[in-house]
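Remember, predicted model here, so these are calculated numbers, not experimental data. So that the names make sense, note that chain A is the first sequence line, chain B the second, and so on, each numbered from 1.
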Amino acid sequence: MDAGHIDQSHTKTMSETPIIIEPDSAPSVRFADFGLAPEILRALSDQGYVHPTPIQAQAIPIVLQGRDVMGAAQTGTGKTAGFSLPIIQLLLQHANPSMSPARHPVRALILTPTRELAVQVAENVKAYARHTPLRSTVVFGGMDMKPQTVILRGGVEIVIATPGRLLDHVEQKNVSLGQVQILVMDEADRMLDMGFLPDLQRIINMLPKQRQNLMFSATFSQEIKKLANSFLTDPVTIEVARSNATADKVTQVVYKVDEDAKRDVVQHLIRQRELKQVIVFSNTKIGASRLSRHLEQSGINAVAIHGDKTQQERMAALESFKKGEIEVLVATDVAARGLDITDLPCVINFDLPYNAEDYVHRIGRTGRAGASGDALSVYSDKDERLLADIEKLIKQTITRGELQGFVPSSSRGSREGAPERGSRRSDSERPSRSRGDSDSSSRSAERYSRPSGPSPRREKVDPWFLKPYEPNASAPPVRRETPASSIKPAKQKLAFLLGGVPK
DNA sequence: AAAAAAC
């Protein structure tokens, strides 16, 4: 298969119909077809990667052209390699701008909404760039500034960061963003949810106006589209069909139980199914800690991860879970997005999420990279509405499971109307599936041609978004010192920002 | 209603 297989004529811009990628399309394209540097291909073959995922097959050539990209893709689709491989290629083939005294100015900046995601993206970038002279590092809060400072001051071409800590480093002059050529916003929708907009705006204002922007978002809401339109220039839109992410590979079951029985039901499910590794999602930090303690008391090796834990605890929890030292990771939505835990066979929702979108993200932790998975949820009467919202979003009715052999705990005065039980039909909850068997042949590539010359850069207009924020005379500009409580919810603020500005 | 993110 040659590079001609990637037909650029199919690319479309925001104003047109987005590219919808069928998840199983173009399986025979190879990384060697993109004209990536031999050093990059070597890093890929180190890891046994030969064939790009659909989003990679689309994104890599487009990013290599220097185009702005709006990518709507779940994690687990290979999104990270989809942007990091071409970024590394572009940095290699374009000269260091080096007007700055730094030998290694920051040339690519990747922003993520959670610290753990930053670490994960950084690990990937480091692996892909390992045979190149490019340096990368990750900076995020909750950790000592000093080691990060030393590395930043030593010079790196690629920085992966959470916004707050990055700004901290900029203020302390540990890093300059004046030479950034490529900006990536990963999980952009999450960033908006989390009220990152003022921070993003400050960071974007520090970047050169002439640059390439890549924005990735799991969802493609109106807000995200507007944000994309506001600071991407003539972007190519890439969208991976969503339905397959939930429908095909993840078997979903919900169990209606008494509110007070939820934790015992979760424990029962873990035991009954002999789950070796499972992430259990809780809506609250306190709930996560309590549930984890409860599970531990009943002899299940569980650890909680949430934003009130120290960063050391968070990282230790994730690491030991990945190593298989822990059976159950009880998490808030800090772990809902982006985290790539290989071969996770099951996730459990201890609480149904308030946002239906988050359900999709949570269950996306399982069934990754072509494997199958189970997503189990417990809910009670008061959650009917949440369940209805979820089913509306995913456009399917989730199987109502019935618990087998569950005995409500007597120690806590079991309440009536507790878990449904009795009829045995649990086998029907686990339809058999076939494992997608991907081609693993690894004949070395014959040709490594690089795209000739630098990509033509278009004249960019200044989007309003890049300009200082001054909604009107009476309202003061957003300052970082503003207490969190006085900052409007992200959506409201975004609507305000977008609404008040002529296109 | 809650989660995340700088000190």
Side-chain angles (χ1 to χ4, degrees), chain A residues 75 110-121 138-149 152 159-175 185-203 217-218 259 279-291 304-311 313-315 317-318 330-339 349-362 365 379-380 382-383 385-386 389 478-494:
Chain A
T75 42
I110 302 169
L111 300 174
T112 73
T114 68
R115 298 165 181 175
E116 282 78 10
L117 187 55
V119 170
Q120 182 180 292
V121 171
V138 57
V139 301
F140 54 96
M143 302 286 281
D144 194 350
M145 290 281 283
K146 275 189 204 126
Q148 298 177 1
T149 301
L152 287 176
V159 169
I160 300 94
T162 49
R165 176 57 69 92
L166 178 68
L167 283 167
D168 208 345
H169 280 295
V170 171
E171 276 160 18
Q172 299 197 23
K173 306 260 188 252
N174 297 332
V175 67
M185 286 178 51
D186 202 6
E187 305 279 350
D189 48 348
R190 190 53 156 193
M191 296 231 201
L192 296 184
D193 285 351
M194 288 170 30
F196 272 122
L197 198 53
D199 280 358
L200 291 179
Q201 193 177 341
R202 284 202 42 179
I203 291 170
S217 168
E259 178 65 27
I279 295 183
V280 180
F281 284 104
S282 161
N283 281 359
T284 66
K285 294 181 274 198
I286 286 177
S289 282
R290 282 189 189 139
L291 179 59
I305 183 170
H306 56 66
D308 279 353
K309 297 271 186 184
T310 68
Q311 193 54 33
E313 288 173 318
R314 284 166 60 164
M315 296 197 301
L318 198 58
V330 188
T332 58
D333 281 323
V334 68
R337 298 204 187 193
L339 294 190
N349 287 309
F350 171 69
D351 297 312
L352 287 181
Y354 290 117
N355 295 322
E357 288 290 351
D358 285 331
Y359 176 83
V360 181
H361 293 297
R362 290 178 180 186
R365 298 312 92 211
Y379 73 106
S380 67
K382 66 174 178 48
D383 306 319
R385 179 64 211 228
L386 300 177
D389 288 347
V478 176
R479 307 174 74 93
R480 288 183 58 68
E481 297 75 32
T482 308
S485 58
S486 73
I487 295 178
K488 289 180 192 168
K491 273 189 179 166
Q492 237 180 302
K493 176 173 277 299
L494 180 63

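Residue A:Arg190 is out of contact with every strand shown, counting any heavy-atom pair closer than 4.0 Å. Residue A:Asn283 is in sugar-phosphate contact alone, with no base atom involved, counting any heavy-atom pair closer than 4.0 Å across all strands shown.
Rounded to an integer number of Å, the gap from A:Leu386 CG to B:dA3 C1' is 15 Å. Between the P atom of B:dA6 and the CG atom of A:Asn174 lies a distance of 15 Å, rounded to the nearest Å. Atom-to-atom, CG of A:Asp333 to P of B:dA1 comes out at 16 Å; the value is rounded to the nearest Å. Rounded to an integer number of Å, the gap from A:Arg314 CZ to B:dA5 P is 4 Å. When the P atom of B:dA5 is taken as reference, atom CD of A:Gln311 falls 7 Å away, rounded to whole Å. Between the CE atom of A:Met191 and the P atom of B:dA3 there is a distance of 20 Å, given to the nearest Å. Going from atom CD1 of A:Ile286 over to atom C1' of B:dA4 covers 16 Å, rounded to whole Å. We find that CG of A:Leu291 is positioned 18 Å from P of B:dA2, with the value rounded to whole Å.
The pair A:Arg385-A:Asp389 meets the salt-bridge criterion, with a side-chain N (NZ, NE, NH1 or NH2) lying under 4.0 Å from an Asp/Glu carboxylate O.
Taking CG of A:Asp358 as the reference point, atom CG of A:Leu386 lies at 11.5 Å (rounded to 0.5 Å).
Heavy atoms of other residues, nucleotides or ligands lying less than 6.0 angstrom from NZ of A:Lys382 number more than 12.
Checking side-chain atoms of A:Asp351 against main-chain N and O of A:Phe281 turns up no donor-acceptor pair under 3.5 Å.
A close approach under 4.0 Å does not occur between any side-chain nitrogen or oxygen of A:Arg115 and OP1 or OP2 of B:dA4. For A:Thr332 and B:dA4, the shortest distance from a side-chain N or O to OP1 or OP2 is below 4.0 Å.
For A:Tyr354, whose side chain is taken as the heavy atoms from C-beta onward, the closest listed nucleotide among B:dA5, B:dA2, B:dA6 is B:dA2. With B:dA4, B:dA6, B:dA3 as the candidates, the nucleotide lying closest to the side chain of A:Thr284 is B:dA3.
The shortest distance between side-chain heavy atoms of A:Asp189 and A:Glu357 does not fall below 4.5 Å.
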